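Written below as structure tokens is the structure these notes are about.
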Protein chains: 2
Amino acid sequence: MPSAERRLQPRRKPRQVRAELTRERILTAAAHVFAEYGYAAGTTNRIAERARVSIGSLYQYFPNKDAILAELAVRHIDRGMWTQADRLDLSPGSLEAMVRALVRDAVDNHRDDPQLLRIMMEAAPLSQELLDTIDRHGRKRVAQVRDLLARHPDVRVRDLGTAAELIVFTVETNTHKLMADPRAVPVEIFEGELVDMVTRYLRGDR
Amino acid sequence: MPSAERRLQPRRKPRQVRAELTRERILTAAAHVFAEYGYAAGTTNRIAERARVSIGSLYQYFPNKDAILAELAVRHIDRGMWTQADRLDLSPGSLEAMVRALVRDAVDNHRDDPQLLRIMMEAAPLSQELLDTIDRHGRKRVAQVRDLLARHPDVRVRDLGTAAELIVFTVETNTHKLMADPRAVPVEIFEGELVDMVTRYLRGDR
DNA sequence: CATTATTCTGAGCAATGACTCAGCTCTTCG
DNA sequence: CGAAGAGCTGAGTCATTGCTCAGAATAATG
């Protein structure tokens, strides 16, 4: 009975340890393959090959290619939120220190999977569901930073919401560029300049 | 698939007006199709269809799909450089005014093709040559801004090259986001904040 | 060990997409 | 006009990719 239901949910639930391992191997391989080839050229066959699993097995745990990316995205987001909340909330101090923590956080968060955001943007026009997931995450993060700014006495900007949005995006994309490119400018220096820029902005000097 | 050396140069040089028009139609169509479907799903057949030209004609002017994007990218960047040089060089004045001009410029420049950067990122892993082309032009732009900064007396940063790179990228990506999203924050406000951030950074206040 | 449930395999199918080519139409120019 | 070359056409080729399925291999159970 060929059912028409297609979602991002897994097709089969693993019941043996062996199966769980296979699932993980597939996800790990997918992360590498997507990072290397992009989404379109990161074929399911390549993923299966890298995971040393047959394509048949792959399709026992994921109903389609999108579902693999979706799972990757969700995991990435969850992990990011966790470490962020963990570190920033409990670090008072100078404004510059706070900003630096923010930047460091972005760096750490993308170190393990530096290409994921690019991949998700690539796949976005193909899957509205995926797009929504990403957007939801973004809003949460901005809100979190907004609260952080609200609590710091040295922050002097016109509107906290706008400021939060601006710096979250700026820090995120610059970090991405930093990690993706093997650049002439050393990482530490660029990071320092980024911190300076954001800090001066938030402090509102004239 | 990307094994042998592939060129981005046009295959045939148009000698009649008719041919030149065809070429333009193809490029315009490509811009729309890529923006709507992304690079991978933006097929050459779709482009030809939209341009109301046969695929055969398309391949008379472009040796392959990458070349179309490359041409689009080069034009985009060149146009940016031109208007930039035109407007900025002859506008002395406060640092803030200069930065504002820079931002306005980016906004104008992306109004007609807000998705191009995303598309280029998507296509990048597929073609090293394309990546190089973009990078080369990007460097030119950074160099231009660097010179601009060098000439302004109020600019006080550690390293002009790093600063130029940082602000070019920051202004560019923020503009992109601004234009792509229908956002809650109005354009003018966001623009103002962006100008403030960059200005304060360049002025180097403490 | 036999039986059943779970997991895994990979050749192959259907669809799609980049690109070609043989021949047509249109422009130019003597 | 008419020949030659520039420009255009689109059915078709070849390669690739997402995904299926019939059955083999492995593990759990009686």
Side-chain angles (χ1 to χ4, degrees), chain A residues 1-26 29-30 33-34 36-70 122-123 126-127, chain B residues 1-26 29-30 33-34 36-70 122-123 126-127 129-130:
Chain A
M1 42 181 133
S3 142
E5 274 193 29
R6 287 201 154 192
R7 321 203 80 230
L8 298 180
Q9 298 309 312
R11 176 165 293 185
R12 162 182 296 216
K13 204 175 172 185
R15 284 160 203 283
Q16 299 178 7
V17 206
R18 172 171 66 139
E20 193 53 57
L21 287 177
T22 302
R23 233 187 93 91
E24 291 309 311
R25 287 233 305 288
I26 293 170
V33 170
F34 284 152
E36 183 170 1
Y37 296 92
Y39 186 69
T43 72
T44 50
N45 284 294
R46 257 200 265 259
I47 294 171
E49 189 186 11
R50 176 147 197 160
R52 286 187 221 183
V53 155
S54 74
I55 348 108
S57 289
L58 187 153
Y59 279 98
Q60 266 181 333
Y61 298 106
F62 302 93
N64 53 58
K65 196 180 165 183
D66 285 350
I68 303 178
L69 219 209
E122 177 182 344
L126 306 174
S127 167
Chain B
M1 195 196 290
S3 53
E5 270 199 24
R6 295 184 156 197
R7 330 199 75 229
L8 298 181
Q9 297 312 311
R11 173 166 298 186
R12 161 181 298 216
K13 201 176 174 186
R15 285 158 202 281
Q16 300 177 6
V17 204
R18 173 171 65 139
E20 195 53 58
L21 286 178
T22 303
R23 231 186 96 92
E24 290 309 312
R25 288 234 302 289
I26 294 169
V33 170
F34 285 152
E36 183 170 0
Y37 296 93
Y39 185 69
T43 71
T44 50
N45 285 293
R46 255 200 266 260
I47 293 171
E49 188 185 11
R50 176 147 198 160
R52 289 189 217 182
V53 153
S54 75
I55 347 110
S57 289
L58 188 152
Y59 278 98
Q60 265 181 334
Y61 298 106
F62 301 94
N64 53 59
K65 195 180 165 183
D66 286 350
I68 304 178
L69 219 208
E122 177 181 339
L126 304 176
S127 167
E129 202 172 346
L130 183 59

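All chains are named by letter (A, B, ...) in the order of the sequence lines, taking the proteins before the strands, and each is independently numbered beginning at 1. Computed from a predicted model, the values in this text were never measured in an experiment.
- Between Asn45(A) and Asn45(B), the residue anchored closer to the 5' end of DNA chain C is Asn45(A), taking for each the nucleotide with the nearest heavy atom.
- A straight line from CD of Glu49(B) to C1' of dA18(C) spans 16 Å, rounded to a whole angstrom.
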Heavy-atom protein contacts under 4.0 Å, nucleotides 21-30 of chain D, coded B base, S sugar-phosphate only, - none: B----BS---
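- Note that Lys65(A) lies in the cation-pi zone of Tyr39(A), set by a 6.0 Å cut-off to the ring centre and a 45° limit from the axis.
- Between Thr22(A) and dT7(C), a side-chain N or O to OP1/OP2 separation shorter than 4.0 Å is absent.
- Rounded to the nearest 0.5 angstrom, Arg52(A) CZ and Arg25(A) CZ are separated by 8.0 Å.
- Considering all non-hydrogen atoms of both residues, Thr44(B) and Leu58(B) come closest at O-CD1, 3.7 Å.
- If you take NZ of Lys65(B) and C1' of dC19(C), they are 12 Å apart, rounded to a whole angstrom.
- Between Ser54(A) and dT9(C) there is a side-chain N or O to OP1 or OP2 distance below 4.0 Å.
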Chi angles and distances behind the side chain to side chain contact (heavy atoms under 4.5 Å, CB included) call for Ile68(A), Tyr61(A): CA-CA 9 Å; Ile68(A) 303 178; Tyr61(A) 298 106; over 6 Å; no
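- Atom-to-atom, CG of Leu58(A) to C1' of dT20(D) comes out at 13 Å; the value is rounded to the nearest Å.
- Following rounding to the nearest Å, Arg25(B) (CZ) and dG7(D) (C1') show an atom-to-atom distance of 12 Å.
- Here the C1' atom of nucleotide dC8(D) and the CZ atom of Arg23(B) are 16 Å apart, to the nearest Å.
- With values rounded to the nearest 0.5 angstrom, Arg50(B) atom CZ is found 10.5 Å from Ile47(B) atom CD1.
- Proximity of a side-chain donor or acceptor of Arg46(B) to a complementary backbone N or O of Ala41(B) within less than 3.5 Å is detected.
- What separates CZ of Arg46(B) from P of dC19(C) is a distance of 16 Å, to the nearest Å.
- To the nearest angstrom, C1' of dC8(C) lies 14 Å from CG of Leu21(A).
- Going from atom OH of Tyr61(A) over to atom P of dC19(D) covers 18 Å, rounded to whole Å.
- When the side-chain nitrogen and oxygen atoms of Thr44(B) are compared with OP1 and OP2 of dC19(C), none of them lie within a distance under 4.0 Å.
- The side chain of Tyr59(B) contributes no N or O atom lying less than 4.0 Å from OP1 or OP2 of dC21(C).
- Here the side chains of Thr43(B) and Tyr37(B) are not in contact, with every heavy-atom distance at 4.5 Å or above.
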